[in-house]
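As structure tokens, the structure follows; a few thoughts come after it.
No hydrogens, no waters, no symmetry mates; every other heavy atom, side chains included, goes into these values. Counting convention: from 1, in listed order, for ligands and their atoms alike.
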Amino acid sequence: MGRFYITTPIYYTNDAPHVGSAYSTVNADALARWHRLLGDDTKFLTGTDEHGQKVSDAARKNGAEPQEWVAQTSLRFREAWDALNISYDDFIRTTEPRHHQSVQKFLGAIYDNGFIYKDVYQGLYCVSCEDYYTLEASNDGRCPIHGSVLTEMQEENWFFRLSAFEDRLLEYYDQHPSFVTPETKRNEAYSFIKGGLKDISITRTSISWGVKVPWDDQHVFYVWYDALINYLTAIGYGRDDGEVEAWWPYSNHLIGKEIIRFHCVWWPAMCMAAGLEPPAHVHVHGWLLIGGQKLSKTMAAEGGVKLTDIAPVSLTNEFGVDPVRYYLLRETSLGNDGEFSLEGIAHRYNTDLANNLGNLVSRVCTVVATKCGGRGPLASNDSVLRSVAEGAVRGATEGWEKFNPQSALEATWSLIGATNAYLEEHAPWKMESGVELDAVMGDALEAIRLVAILASPAMPAVCDEIWRRIGLAGTPTESVLSVSSSWGQYRGVGAIEKGAPLFPRIKIDG
Ligand code: ME8
């Protein structure tokens with residue numbers, strides 16, 4: 001058993017959460033749940049990024065004070081995560097005093113170590129990205145991501161000597177081949193470093209909505225510079241009651257592909273400059289696209305994509321919590337882009353959930369309730385399903401281990417498919433009551449027990465319900481996987497009832 005500290009990006013509070021933010025959060029949640037199932041000491045952090053120009057502009061546009069605006073918006077993220085059954089251990093808000101304290105300590109350490117100096121910054125800025133562009137990297141003075149006109153900036157700023165870390169970063173990448181996954185994203189970050197690093201401006205005098213620079217009260221830190229440090233704030237960096245040694249560097253940052261440079265170049269360099277190890281691992285995922293376009297709050301605000309119909313809460317109201325979670329985890333490999341659509345959710349729901357999982361549970365419960373006296377029989381040791389089940393446990397373990405929920409769920413569903421095929425073959429609904437029928441149903445119940453364990457990180461509430469329906473006491477996550485995953489442990493204690501369908505089919509128009 002190990003230690004697993006998993007984080008999502010902290011989301012900007014310029015607007016409400018959407019399906020894109022839910023994508024990262026649900027994936028991180030499922031990974032955290034898997035590690036808890038393994039018995040690992042697990043910490044799952046999410047939260048909101050509340051400083052910066054983008055957020056203060058949004059507050060002004062909405063006629064609110066920034067403090068009031070971020071409090072309201074941050075609450076909407078918590079509500080969305082509650083609706084999606086997200087099991088975070090900590091929710092950080094960057095306006096909290098604990099965060100200001102950690103940022104000032106951390107950046108104070110970098111300053112004391114001689115990696116921060118004053119200079120004049122001149123360049124182009126995109127407020128939506130909260131990022132700088134050179135003229136060459138822009139599209140004729142427009143942001144390459146948002147298409148908006150970049151703002152010319154000139155200010156006296158404090159700079160971080162990022163250029164001093166080029167060699168150390170390359171060496172770190174060479175020595176830690178899986179620091180960034182998938183490999184394509186690792187290569188992207190590596191080439192960026194190899195291409196040469198420029199020092200970066202890390203403070204602002206033009207805005208006051210931020211963390212104050214401890215050695216110069218005219219300046220606040222640039223939002224990215226404070227945001228990244230949230231991963232350390234949550235484990236108490238710079239505070240007497242901190243748990244940095246327990247959780248650092250065991251961190252796994254799950255991020256979207258547009259923020260690679262911040263997490264895979266700046267952040268490890270900042271850690272080195274402050275005298276800390278870089279984080280253990282960054283996993284980069286792709287984007288959910290609608291009609292080939294990234295789904296983002298900024299684009300919605302600019303009228304590009306309408307998001308109101310696809311807020312996480314409206315989705316869970318329409319399809320149910322666990323089906324939405326399942327879709328987000330199963331549809332795309334966590335590393336590639338994927339097309340998001342309501343039809344896609346309905347399709348997954350009908351095939352994987354209603355036809356496969358729901359049908360399996362319903363068939364088995366119906367036969368056991370009517371032909372086995374309502375009690376679940378035991379599995380046979382030499383069942384043909386045994387090796388399939390063992391393969392599913394291995395496949396799921398490998399998938400979750402590699403940050404690939406899609407393949408973990410594919411492995412789990414292979415057991416569902418094989419069990420349905422086994423039932424088709426024996427047609428227990430046509431068999432007489434007796435030992436032969438009991439043997440078939442015992443095997444099927446055992447397969448369902450294992451499915452409920454393996455699918456629990458994705459669909460925690462449904463798996464609890466399946467566990468109850470097949471007459472088991474407790475929950476699928478009560479024992480650690482190494483104990484619960486071996487074949488032959490089904491011991492029903494309760495009566496099995498037919499029950500209502502777990503996933504009533506959805507009618508798809510057209
Ligand atoms: O970048 N598909 O915050 P943010 C998949 N505050 N994931 C998406 C997505 C999409 N269409 N749109 C957004 C920030 N995301 C900073 C982060 S971390 C120290 C600071 C997800 O609100 C994805 O994980 O713009 C992306 O990285 C994150 O939301 C960006 O959220």
**Request:** May I ask you to list the atoms of ligand 1 that are less than 4.0 angstrom from any heavy atom of Asp49?
**Result:** 6 (N), 16 (C), 20 (C)
**Message:** Just to check, does Phe262 reach to within less than 4.0 Å of ligand 1 when the distance is taken from its heavy atoms?
**Reply:** no
**Prompt:** Would the Trp158 and Tyr225 ring centres measure less than 6.0 Å apart?
**Reply:** no
**Item:** Ligand-residue contact atoms, ligand 1 with Ala227, heavy atoms, under 4.0 Å
**Value:** 19 (C)
**Fill in**
Looking only at non-hydrogen atoms, the one of Gly20, Gly256, Pro9 nearest atom 9 (C) of ligand 1 is Gly20
**Request:** Anything under 30° is parallel, anything over 60° is perpendicular, the rest tilted; go ahead and classify Phe403 against Phe4.
**Result:** tilted
**Item:** Over all atoms of both residues, closest heavy-atom pair of Leu342 and Phe319
**Value:** O-CZ, 3.9 Å
**Prompt:** Under 6.0 Å between the ring centres of Phe165 and Phe115?
**Reply:** yes
**Message:** Tell me whether Arg3 forms a cation-pi arrangement with Tyr5, defined as NZ or CZ under 6.0 Å from the six-membered ring centre and within 45 degrees of its axis.
**Reply:** no
**Request:** Specify side chain, backbone, both or neither for Leu288, according to which of its non-hydrogen atoms lie closer than 4.0 Å to ligand 1.
**Result:** both
**Asked** Under the 3.5 angstrom rule, does the side chain of Lys54 hit a backbone N or O of Ser128 as a donor-acceptor pair?
**Response** yes
**Request:** Can you sort out which atoms of ligand 1 are near Trp287, meaning under 4.0 Å from one of its heavy atoms?
**Result:** 2 (N), 5 (C)
**Request:** For residues Trp267 and Phe106, establish whether the separation of their ring centroids is below 6.0 Å.
**Result:** yes
**Prompt:** Of all the atoms in ligand 1, which lie at a distance below 4.0 Å from a heavy atom belonging to Tyr23?
**Reply:** 5 (C)
**Request:** Report the distance from atom CH2 of Trp81 to atom OG1 of Thr8, rounding to the nearest 0.5 Å.
**Result:** 7.5 Å
**Asked** If you count the atoms of ligand 1 from 1 in the order shown, which ones are under 4.0 Å from a heavy atom of His285?
**Response** 5 (C), 7 (N), 23 (C), 24 (O)
**Prompt:** Mind checking whether Trp224 has a heavy atom under 4.0 Å from ligand 1?
**Reply:** yes
**Request:** Could you tell me which atoms of ligand 1, counted from 1 in the order shown, lie closer than 4.0 angstrom to a heavy atom of Ile259?
**Result:** 1 (O), 27 (O)
**Message:** When you measure from the side chain of Arg93 to the backbone of Thr48, do you find a donor-acceptor pair of N or O atoms at a distance under 3.5 Å?
**Reply:** no
**Asked** Does any N/O atom on Ser24 come nearer than 3.5 Å to any N/O atom on ligand 1?
**Response** yes
**Item:** Contact with ligand 1 for His263, non-hydrogen, under 4.0 angstrom
**Value:** yes
**Request:** Output the list of atoms in ligand 1 that are nearer than 4.0 Å to some heavy atom of Gly286, sorted by atom number.
**Result:** 5 (C)
**Prompt:** Hey, looking at atom 16 (C) of ligand 1, which of Ile10, Asn230, Thr8, Leu254 has the closest heavy atom?
**Reply:** Ile10
